[in-house]
Every structure is written in C-alpha cells, then in structure tokens.
Undergrad: 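Provided herewith is a single structure, encoded as structure tokens, for subsequent inquiry.
Counting convention: from 1, in listed order, for ligands and their atoms alike.
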Amino acid sequence: DLISKQYKQLTFFGIDTFASVYLNGSKIIEANNMFHPWESDLNNILKLGENIIEIEFRSPLKEISPKLKNLDYALPADNDQAGGMSPYIRKAPYHFGWDWGPCFITSGLWKKVQLIGYDSFLVNTINLNQLKIDSKRGELEIELEIISKNSTKATLYIIEQSLEFEREFILDINKGINNFNKILKVLNPKLWWPSGYGDQHLYNFNIRIKSNDFDMLFDKRIGFRTAKIIREKDSKGKSFTININDTSIFSKGANWIPADSFITRLKKEDYRFLLESVVKSNMNTIRIWGGGIYEPDYFYELCDELGILVWQDFMFACSLYPADKQFLKSVKNEASYQVKRLKDHPSIVLWCGNNEIAWAWHNWEWKEKLPRHLWEDYKLLFHKVLPEVCKKHDPRRLYWPSSPGHGVDAPETGQIYGSGDNHYWGVWHGGDDFEAYEKNVGRFMSEYGMQSYPELSTIKTFTTSKDRDISSAVMTSHQKASLGNKNVIKYIEKYYSKPNSFESLLFISQIMQAEAMKMAVESHRRNMPYCMGTLYWQLNDCWPGASWSSIDYNKNWKALHYAAKKFFKSIFVSIKQKNKYIGVYVINDLNEIIDCDLVIELLNFNGEKIQSHIESLKLKPISAKKYFSTKVKTLIENKNKSKIVLKSFIKTKERILSENHFYFVRPKDIDLPEPKFNIKYEALKDAILIIIIPSTFLFKVYVTCINCKGIFSDNYIDLFPGEEKKIKFKPNDNLNIDIKDLMFNVNTMYDLV
Ligand code: BMA
C-alpha cells in the first residue's frame, strides 16, 4: 500500500493558474502556469490517516497588476477584455475574452490529481518515435525517461499482438534522471491515413517495466505513417503541402477553439460529437488555434481514430510576451511537457509557435508604436526557445514559427502570398466583397471567415422574448466582435433581401456565411496544387453567441457546416464567372484517377433545360482543371438572368459525386417563384427520411426539427420542379421520443424575406 512505499509523489496535472498548495500545513507547490503539471515529493509530510490538502488560488489580475506599474509600455493584447494582463500569465488567452467569447478568468484544478508511491524509480515518460516507415517495415524508437532514487536493474517488455511483435530489454537504471532509447523494428505495418485517403490503422503497444519492487503496464497506441510538410521553391514562392506516406494531401477543414469557456464542463461525448462532425463534413484537418488550450489526450486519440490531421499551435496569440528568464523557463517547461505528451499521435503534423504575432508586428502598426526590443523578445521565444524544445524532443516534425508565416526564419515583413500559410481577412475585417476571395489565394489558407448567428433554439437559452433583437443589450453582449452586427447586416444587404423577422435574420445570416465560405473554399480548391490547404475560421464555439463558427455551442450544425459537407467533397465541381466568361472546373484531390461524366445544364425555374452538355472525363490524381468554358452571352442569350441557373454535376455509373449551382445574379436579385411542394416522411430504424417533392423551383429549402436535436444528411438546398429529394434526419442522442413523433418544419428563402 501507498504509505509503506518509501517515496510518494503528488501530481496536479492542471492548476489554473496562480496557486499555493499545502499538505498538512506545509507548502508543497507554488503554481503559475496552467499548461504543465505541478508535482511534489511528499517524503515525510504524508502521514497515515487523514491528510489535508489546501489550495489557495489567487486572482490572476491582482497577481500581475503590481508588476506592470513600472513598465513604460504595454504589451499588445487586443482581444483581452480585462485590461491587458493576459500576456504575462500562462493561462488560456481566450479566458480573458476574444472576439467570439466572453471574459471568464477561471481559477481551479482543471485536470486530474495523482498520488503515487514508489520504492526506487518512477517512469516519467514513454514515447514511441517513428524513425522510418513504409508498408514493408517500421522502425520505431522507444524513448523512456525514468527518475530513480537509486541504482537498479529493470526489464522492459514490449508486445504488439496483431504484429506478433515481442521484444525485451534490460535497463540499467542509475540514480537520477535516466533516458533510454531502444530501436524496435516491425514488419508489414498497415499504414495510418488521414480521412478520405485510406484507413486509420492503429496499433496498441503493451509496455511493461518490471524490477523486484516495481511492475507497471503502459499502453501506447500509434499509427504508422510518415508526415512531412513539403516546401519547394517555384516561380510563385515556396509551397506548403502536407505529405502523408509520400502522398500530397489537400488539407480541408477549420480552426478549432476551446469548446467551452469553462473547460471542465466538457465531456468525452462533446469532443466526439464535434470531431465526428469534422469528418462527416468531409474535412481532414483541424488547426488547434493558439489562443486556447492544449487539448486533452482524448481529443487527439479521437483525431487518430477518425483520421483528422492536427495543426498544433502553441498557446500564444495576437499578443507580445515577456522574455524574462522566469517566463521563458516556464514556457520551456510547458512546451517540453506538451511536445512529449502529444508527439506519438499520428494525427499531429506540425507545431506552430503562435497565431498572427509576426504578422501583427509587421502589419498592425506594432513595429511603429512599440519599443524595438519587443521584437528581440519575440525572436527569443519563437525563434529560439520553442524551436529548441521541438528539435530536442520531436526533431522529425516541422516547427513553424507563426501562422500566417512564409518561412522558418524570423520574417522581415508580414504575410506574403505565394509562400507558406496565409490568413485572409479582407472579407469581414477589410469589408471586401466575397468575390475578393478569388484574388487572395495562398499556398495554404489557414484562416478566413464570416460571422453568423446561432439558431433560435440556441438564442432562447440566454434570452427572453423581449431580448430577441440583435441590438438588444443581451444580444449585443453575446456579440464580441467590434465590427459585429454591423458587418453581418452589411454582408446580408449586399447579397440577400431584407429578412422579415428576427428568426429569419438568423437563418439568412447562416445562409450568407455558408455562401461566403463556399466561395472562398472553391477558389482555394480551383487553385490546387498551387494551394494545398484551406481551413476556415472557425469550427466551434465556447459559448452561445454570434461568431464565425459552423457548429454552434449547443451542437447545432449551421448552414455552413452542411455546405462544408458538399464543398469539401474529394471530387468536386465548381462554377466560376470571370469577366465575360464562365468556366466549369472539376477538382480531384485524391491520389487516384477517376473516370466520370461531367454534366452541365442551363435551366429555367420551371426545370426546363435550355442547354446541356455532357462530357466523359478521366480526372488526374490531385488535379483541378477547367473542362468547360464559354462566353456568358453565348450561353444565356436573351434569357432573363434572374430566372435561370447553371447546374453542373459529376456522376459515375452508380451515383452523383458532386453537384453545384451557379446563379447569374446575387441571391437578392433572383426572381423567386412562390414555393410549392409536398412532403412525405418515412420512419427508419434510428432515423427518419423527409422526402420533399417540389412542384416549383425551391431556393434554399431547409428543414428544422421542432422537438429533437440531430443532424440532417443535407440541408439548405436548391431544388427544381419534380426533383424529389430525400433528407435523412438522425437524432444526436438516444431518443426518448418515438421516431414517428418527430416534428419538422420545411421552409425556403421565400419564407424568410
Ligand atoms: C483570426 C483569429 C482570431 C479571431 C479571428 C476573427 O485572426 O486568429 O484571433 O477570432 O481572426 O477575428
């Protein structure tokens, strides 16, 4: 039992943030960083019977404010709603507020606490580094860190059943810190692939360390794969392509923020819902943005299982940071711990130093207004401390200093299009029209976005009926962006007709957001392989409010998430007008040849084909190509532009792979007929089919479920007369309601304006 062990160690895996920990009245820990564990040898303090642990948390603001009094400059922290102290505190930046989230400066224990006893040594870390991998063999390195009180011997056993792999080693352990590295060679491993490119084979290594007074089992699950970021010089700059198992991956996805303002509220099923939603919408990548937290193990385990590639930022965003010895040491501890904790996950493809700080220095007037030494401090943290940690613990993964960024050296300028990754905010922050996405395409688009409101059911959770107006005090407190409501309205007015009610405004904001992101992603994808990645801002929310998310806080897919499912399909058709010409492009981001037919039809709203064109295609692997081009005038002749649509789809013998529609006017100028349709329902075992049979053209038909939460197979779609559409609705949780009692609303754009 514990007390009979010679040594005892108490570990707090997460203390948020400034706290003193006492055991039986003696101080054992003084914490100031929420991102790494704090531990203490209890030695003689722990006694048999009752022990008292007291933790005294101190206000982060009060802790820091006296230290700032003598500074003659303030570190920039534009999103900080609590007075700008966040850069000095190793605590989730978004806790101080962001342009999509409230300021809740939490305190408390946010991870598990562990008390262990031992007689001679402790296993601190176990990693399985991948040295060489292909389908014939895998060369791993097991890396152990053992902390020992004396010299002893132990045996290390490693077993992987499905590979029929078994090895054992004798470990000569010395007093102090011991590092062991042993090579393991396995035969014929099945490779791990990102979603859409192959299966996610994972292997469980059982590791046992045994000596006369120690016997412990550890499990390590890994996937065999190589991961590189290819950066090749060409006439346009330098590429930025994720490459897995020697295959170029077109990276599709979104940016992830912490899924709650109060992290400890999150359950495994919340993570599962969100990450399953990622793959359900045909994404293969997420970026864990640097203003949040290093996510829990479970998060990365799910990414491994689901085949989601992870771009992992260190937790620094949109601020400058101190560079005193103590701060740098704290960051070094944090980064070393996190890299060692996470590096075995096949899903993680790169480490990134920070979000937008280098860009901000050069382009947000920081350089002009702030003392020059702050840039030296920046370089110390992001070009010395962090890359050294990565090089030491994970030399095979890329360390990318900042997003956006164009190289690994400290940049002399802000963003460059043509090299590295880009954040394009001309649409939204800059006020540009959606069409501007076309002209702002980089090698890897890691941020761009458009806001919308969550649906009414979510808004009802924090409003009473009198608050349901976007300018009410309650609604504005749930809109944290400075341009906020004004911008949403501005973009709606540019493209859509005036919503006829508060609820209609919510829907139209989502439809508008989906359209903006569709235009962005299509322009990125048409530019493949020049552009090899597109991650919109942002996947999720940390509370219910207006934001750039595609899934709201209450787990509702917004119109954007349904659109993403379509615009992220591997084989994809895209229609684009450039000046007087209209072109139809087909994109294949898979590493295989695809035989298919491309169909292009010009239709009027009665569903009559005015023109049509069909062509057999052999799509090259990883290709985007214009297969059809014509003058708009030749195509539409004297037809009324407001009453026609160009429809295009790609099909194989079995099915339609992708379908897209192009309107010749903005949505507000489309001459919508009054919608007429019939609906039928068909109950399945765990889902229900909603069958829509239109007798007129329907623009943006959307279905909502009145008495249950769930996901539709498709939503916000355009239908032509006679084109029957089946939409499957699957409730999120186990139903406590009979499938047959579910109630739905089916509406269209016509009802919103
Ligand atoms: C990007 C992000 C966030 C922010 C978003 C919207 O720059 O990195 O800082 O929430 O823009 O403004």
Undergrad: Using the ring pair (Phe, Tyr, Trp, His ring centres under 6.0 Å) criterion, which residues pair with His345? Sequence neighbours excluded.
TA: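 If we apply the ring pair (Phe, Tyr, Trp, His ring centres under 6.0 Å) test to His345, skipping adjacent residues, the hits are Tyr300.
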
Undergrad: My understanding is that only residues two or more places apart in sequence, or in another chain, count here; which of them pass side chain to side chain contact (heavy atoms under 4.5 Å, CB included) with Ser281?
TA: Met283, His561, Ala564, Lys565

Undergrad: Is it true that Lys379 and Glu376 have a side-chain N and a carboxylate O under 4.0 angstrom from each other?
TA: yes

Undergrad: Tell me every residue that passes side chain to side chain contact (heavy atoms under 4.5 Å, CB included) with Leu370, counting only those two or more places apart in sequence or in another chain.
TA: Pro76, Leu320, Trp361, Trp366, Leu374

Undergrad: Run the salt-bridge test on Asp270 and Lys555 with the 4.0 Å N-O cut-off and return the result as yes or no.
TA: yes

Undergrad: So what's ligand 1 close to, N/O to N/O, under 3.5 Å?
TA:
residue  : atom   : partner : partner atom : Å
ligand 1 : 7 (O)  : Glu356  : OE1          : 2.7
ligand 1 : 7 (O)  : Glu356  : OE2          : 2.4
ligand 1 : 7 (O)  : Glu447  : OE1          : 3.0
ligand 1 : 8 (O)  : Trp289  : NE1          : 3.2
ligand 1 : 8 (O)  : Asn355  : OD1          : 3.3
ligand 1 : 8 (O)  : Asn355  : ND2          : 2.9
ligand 1 : 8 (O)  : Glu447  : OE1          : 3.2
ligand 1 : 8 (O)  : Glu447  : OE2          : 2.9
ligand 1 : 9 (O)  : Trp98   : NE1          : 2.9
ligand 1 : 10 (O) : Trp98   : NE1          : 3.4
ligand 1 : 10 (O) : Asp99   : OD1          : 2.5
ligand 1 : 10 (O) : Trp100  : NE1          : 2.8
ligand 1 : 12 (O) : Asp99   : OD2          : 2.4
ligand 1 : 12 (O) : His429  : NE2          : 2.8

Undergrad: Flag the pair Arg265 and Asp260 as a salt bridge only when some basic side-chain nitrogen lies within less than 4.0 angstrom of an acidic carboxylate oxygen.
TA: yes

